[in-house]
Amino acid sequence: MPRCSALIPCRSPSPVRADLHTHTTASDGRLSPPGLVEKAALRGIERLSITDHDTVAAYPLARIAAQRLGVALLPGVELSVQVDDRDIHLLAYGFDLANPALATALEAYRRKRVERAEAIVDRLAGLGHRLRLERVHYHAKGEVVGRPHIAKAMLEAGLVSTFGEAFDRFLGTTAPAYEPKTDPPASEMLALVHAAGGVTVLAHPGIALDETIAAMLVADGLDGVEVVHPAHDPMAERRWAAFAARHDLLTTGGSDYHGFGTFADDSFGRYAPDPAWVARLLGAVAHPDVSV
Ligand code: AMP
Ligand code: ZN
Ligand code: FE
Ligand code: FE
């Protein structure tokens with residue numbers, strides 16, 4: 001007898017502790033994919049999404065640990081897109097991890113990141129600070145090269161005395177070595193994620209984002225808003241929850257755990273989305289679980 005049907009939901013209605021926004025060494029996080037899953041198990045997190053920037057490379061190894069430790073994994077990724085000349089982060093959830101068109105798009109993102117890191121190293125040289133590109137790649141460990149890896153290489157080379165100073169003096173969006181990324185338009189990535197069976201959520205809108213931009217994304221087919229995030233105060237949470245309700249959008253939350261820097265170590269699992277939000281999200285996607 002089938003355990004679930006169109007009338008009987010497949011998923012358990014019992015509340016689940018979740019963290020839906022996390023990073024590993026596959027992008028710019030401190031913990032390896034199995035290390036992060038272990039941390040989730042220790043913190044009592046039953047549903048985890050790893051949302052590395054521009055890659056899903058964490059999933060094969062994370063999956064093995066997740067099976068062993070009984071943590072449910074939701075496919076995820078964090079994508080940078082352009083909306084009206086603004087650099088916006090989207091979270092994609094519940095898509096087919098092996099979707100070829102999405103894989104090609106992610107590869108293009110990563111290639112552009114390598115070129116951008118070279119441009120930033122050139123800019124630093126122009127400012128009189130020589131940094132070996134090889135050290136940047138060493139800190140990146142994997143395929144996704146980001147400004148945090150450049151900051152680490154600068155720290156290692158003694159060009160700055162703290163990680164934060166690297167951003168303040170050189171790498172921040174208004175600093176002299178900053179090189180913008182040329183990201184695809186939001187509509188393009190929304191379509192790719194939808195075609196792969198997933199949904200898209202506007203990441204941390206409380207960080208300098210106005211509702212006009214968010215409404216443009218909704219018009220393009222955005223599915224949800226990240227309401228709970230360490231950068232959101234209670235007012236931001238209320239504001240974005242209201243925005244989501246007005247547009248009938250999904251709502252999510254997570255710690256944006258990197259293991260260092262802005263969102264400190266103990267943030268992990270502390271920004272849990274409402275279990276009802278998680279249930280609704282899982283019901284809206286074609287691939288709620290990393291297949292076994
Ligand atoms: P990228 O993807 O290369 O543009 O780098 C973005 C990442 O850099 C973010 O996910 C943060 O982890 C980190 N970051 C951005 N701005 C700052 C800052 N002002 N201080 C520390 N870390 C930052
Ligand atoms: Zn990051
Ligand atoms: Fe982000
Ligand atoms: Fe993030």
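We count ligands from 1, going down the list as the structure has it; atoms in each ligand are counted the same way.
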Can you confirm, on distance only, whether ligand 1 has an N/O atom lying under 3.5 Å from any N/O atom belonging to Arg147?
yes

Going by the closest heavy atom to atom 8 (O) of ligand 1, which one wins out of Pro148, Gly172, Ala151?
Pro148

Which residue is it: Thr24, Asp28, Thr22? I am looking for the one with a side chain to side chain donor-acceptor pair (under 3.5 Å) to His258.
Asp28

Is the closest side-chain donor-acceptor distance between Ser80 and Lys181 under 3.5 Å?
yes

Of Tyr109, Phe167, Tyr178, the one whose closest heavy atom lies nearest atom 13 (C) of ligand 1 is Phe167

What N, O or S atom of Glu78 is found closest to the Fe ion (ligand 3)?
OE2

Can you name the atoms of ligand 1, numbered from 1 with element, that are less than 4.0 Å from a heavy atom of Arg116?
1 (P), 3 (O), 4 (O)

Give a rough value, rounded to 10 degrees, for the angle at the Fe ion (ligand 3) between atoms ND1 of His89 and NE2 of His204.
100°

May I ask you to decide whether Arg86 forms a salt bridge with Asp210, counting only side-chain N to carboxylate O separations under 4.0 Å?
yes

When Glu179 is tested against each of Arg123, Lys112, Arg147 for salt bridge (charged side-chain N to carboxylate O under 4.0 Å, His left out), which residue passes?
Arg123

Kindly indicate whether the side chain of Phe95, heavy atoms from C-beta on, has any atom under 4.5 Å from the side chain of Leu192.
no

Plane angle bin for His229 and His204 - parallel if under 30°, tilted between 30 and 60°, otherwise perpendicular
perpendicular

Heavy-atom contacts under 4.0 Å between Asp28 and ligand 1: side chain, backbone, both, or neither?
side chain

Of all N/O/S atoms in His258, the name of the one nearest the Zn ion (ligand 2):
NE2

